[in-house]
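Below is one structure, written out as structure tokens; the observations come after it.
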Protein chains: 2
Amino acid sequence: MSNDKKDHIINVAIELFAEKGFEGSSIRDLAAKADVNVAMVNYYFGSKDKLFEAMIEQKAGFMRGILDELRANNSLTEIQKIDHIIEKYVDRFFSQPLFHKVLQQEVLVSQRASMHEHVIGLFVKNTEDVVAIIEKGIRKKIFRKVDPQLTFSSIVGTINHVMMSKTMCMKMLNKDPGYDPYKDEHFKKRLLIHLKQMIHAHLLINNDL
Amino acid sequence: MSNDKKDHIINVAIELFAEKGFEGSSIRDLAAKADVNVAMVNYYFGSKDKLFEAMIEQKAGFMRGILDELRANNSLTEIQKIDHIIEKYVDRFFSQPLFHKVLQQEVLVSQRASMHEHVIGLFVKNTEDVVAIIEKGIRKKIFRKVDPQLTFSSIVGTINHVMMSKTMCMKMLNKDPGYDPYKDEHFKKRLLIHLKQMIHAHLLINNDL
DNA sequence: TTGAATTAAACAAACGTTTGATTAATTTTT
DNA sequence: AAAAATTAATCAAACGTTTGTTTAATTCAA
């Protein structure tokens, strides 16, 4: 079974779902855009729902490895770990902006219940790991007594918000049509600097700028 | 024409769209849930799309009045204005959590192009006002030289992220099923305190805690 | 009694999916 | 190595449902 073709269908599906949503995209649209026969989607994946599951399966869970490493790591300070997490999240969102729009949709709507729970489960797991790091920083009196869960919400929420809509992002930054913020290294760096500055100011007791 | 019934349909539609998305909800589902005949939606609103437009029309734009007031106001300091904005945003999201899920979907998906642009337009306008306040604070050397646009993204992004999914929110906070975070005054206060603390630490040069 | 409100029934179009036939590639047998 | 058998990939066409919407008849209220 040709994995190239399966991957191709998944990648085209990400583009389509990101733009029109899962329910808003028909298999016929997808087949046309991917230049395959309508029957091929069901032939390869079984159903539209299962295509979606295969897509999540393949692309999600990207942070697990990184967070597992960090938990085992004793040489990095807590703030270094947080910085590292911020960098990896921004990297990931900028390298897969459309997939993350699809993920956001899935968290937002609870139409396909089991997928919804699955995606949320992944996310909650990540939250627990990051919260643990922040709590350790607080115990060590390196961090202020912040709200660990909501601090992580601010990190992810900021990135999410910026990645929600290219149009919104462009207009917010007063850019011309045609400009793609997600392909702009300067903008990526700008987001990174903002997040680090804000989170440092928020977390660190001795924050020498 | 009975506005009560129109309002009733809109309110039921918000519940339905928030859960299943616009494309994922059928007029028959909506009619059943609202206990009206299928034809009534088209009778009152003309079409499913126009029902959606009426919904946005009625419920969105809630921040305009508040931001207009703040722009004319010379007695409040910039940080007081930012605090006020944070309070109003949190208030609004907690009083209309389902509608804001629908709004987020609309920003995320660009299926109904003109509505999409309209909603984004409202949001960009708000951004400009808040950015102007932050920039003034920077000029006055009360605020640090932060990134005004992304600072606002962090405020809205944090709230958005917490309001995205009740399930996620519950699990993140280790609450039992049945707990509704959006009806919990304590959680609302907790979010408010986190946001103010973080934004103060981020913005203020002399931030005496 | 007139106009608005409500209804069940019907509409064409679009949907996800299945089918059965055909071709291409691979494996097995001779 | 050639022929036969098997499997995989692809296709156009059709399936039964569901979709948003409209119609025409009926009920209700002023």
Side-chain angles (χ1 to χ4, degrees), chain A residues 1-58 102 105-106 109-116 118, chain B residues 1-58 102 105-106 109-116 118:
Chain A
M1 190 182 290
S2 147
N3 267 350
D4 283 2
K5 196 151 251 176
K6 284 183 82 169
D7 286 354
H8 175 242
I9 293 176
I10 285 182
N11 288 327
V12 175
I14 290 174
E15 287 179 39
L16 200 63
F17 294 170
E19 190 193 338
K20 311 214 181 198
F22 178 81
E23 330 285 342
S25 310
S26 75
I27 292 197
R28 282 171 181 82
D29 284 348
L30 172 58
K33 197 174 160 114
D35 203 30
V36 298
N37 188 275
V38 243
M40 296 315 288
V41 174
N42 285 279
Y43 176 74
Y44 278 123
F45 299 96
S47 70
K48 194 189 175 189
D49 278 329
K50 283 184 188 159
L51 156 67
F52 189 80
E53 288 176 33
M55 188 177 109
I56 302 288
E57 181 72 23
Q58 188 183 108
V102 178
Q105 288 175 34
E106 189 56 22
V109 306
S110 32
Q111 179 82 300
R112 293 159 298 289
S114 74
M115 259 299 105
H116 180 73
H118 177 65
Chain B
M1 187 184 290
S2 148
N3 267 348
D4 283 2
K5 195 152 251 174
K6 284 184 81 169
D7 285 354
H8 176 242
I9 293 176
I10 286 183
N11 287 326
V12 175
I14 289 174
E15 288 179 39
L16 199 65
F17 294 170
E19 188 193 339
K20 310 211 180 201
F22 177 81
E23 330 283 343
S25 311
S26 75
I27 292 198
R28 282 171 181 81
D29 284 346
L30 173 57
K33 196 173 162 118
D35 202 29
V36 297
N37 189 275
V38 242
M40 296 314 288
V41 174
N42 284 278
Y43 177 73
Y44 278 122
F45 298 97
S47 71
K48 194 189 176 188
D49 277 333
K50 282 183 189 159
L51 156 67
F52 189 81
E53 288 176 31
M55 187 177 110
I56 303 288
E57 181 71 24
Q58 186 181 109
V102 178
Q105 288 175 33
E106 189 55 25
V109 172
S110 35
Q111 180 79 301
R112 293 158 299 287
S114 73
M115 259 300 104
H116 180 73
H118 177 65

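Residue numbers start from 1 in every chain, and the chains themselves are labelled A, B, ... in the order their sequence lines are given, proteins ahead of strands. Only this structure's heavy atoms are used, side chains among them; waters, hydrogens and symmetry mates stay out.
- At the phosphate of dT10(D), OP1 or OP2 sits under 4.0 Å from a side-chain N or O atom of Y44(A).
- Under the ring pair (Phe, Tyr, Trp, His ring centres under 6.0 Å) criterion, F52(A) pairs with F22(A), not counting sequence neighbours.
- For V12(A), the side chain to side chain contact (heavy atoms under 4.5 Å, CB included) partners two or more places apart in sequence, or in a different chain, are H8(A), L30(A), K33(A), A34(A).
- Rounding to whole angstrom units, NZ of residue K20(B) and C1' of dT19(D) are separated by 15 Å.
- Under the rule for a side chain to side chain contact (heavy atoms under 4.5 Å, CB included), the partners of H116(B) that lie at least two apart in sequence or sit in another chain are S165(A), T167(A), E106(B), S110(B), I120(B).
- Atom pair F45(B):CZ and dT22(D):C1' shows a separation of 18 Å (rounding to whole Å applied).
- Between the P atom of dA5(C) and the CG atom of N3(B) lies a distance of 10 Å, rounded to the nearest Å.
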Write out a two-atom table: protein N or O, nucleotide N or O from nucleotides 14-20 of chain C, distance below 3.5 Å.
from, atom 1, to, atom 2, distance (Å)
dG16(C), OP1, S25(A), O, 3.4
dG16(C), OP1, K48(A), NZ, 2.9
dG16(C), OP2, I27(A), N, 2.8
dG16(C), N7, R28(A), NH1, 2.8
dG16(C), O6, R28(A), NH2, 2.8
dT17(C), OP2, N42(A), OD1, 3.3
dT17(C), OP2, K48(A), N, 2.8

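- The CE-P distance, from M40(A) to dT10(D), rounds to 4 Å in whole Å.
- Rounded to whole Å, the distance from NZ on K6(A) to C1' on dT10(D) is 16 Å.
- Residue pairs meeting the side-chain hydrogen bond (donor to acceptor under 3.5 Å, both in side chains) criterion with at least one partner in residues 16-25 of chain B, sequence neighbours excluded, are E23(B)-R112(B).
- If you take NE2 of H8(B) and P of dA5(C), they are 17 Å apart, rounded to a whole angstrom.
- For residues 46-55 of chain A, the set of pairs meeting the salt bridge (Lys or Arg N to Asp or Glu O under 4.0 Å) definition, not counting sequence neighbours, is empty.
- If you measure from atom CG of D4(B) to atom P of dA5(C), you get 12 Å, rounded to the nearest angstrom.
- Atom CD of Q58(A) has more than 12 neighbouring heavy atoms from other residues, nucleotides or ligands inside a 6.0 Å radius.
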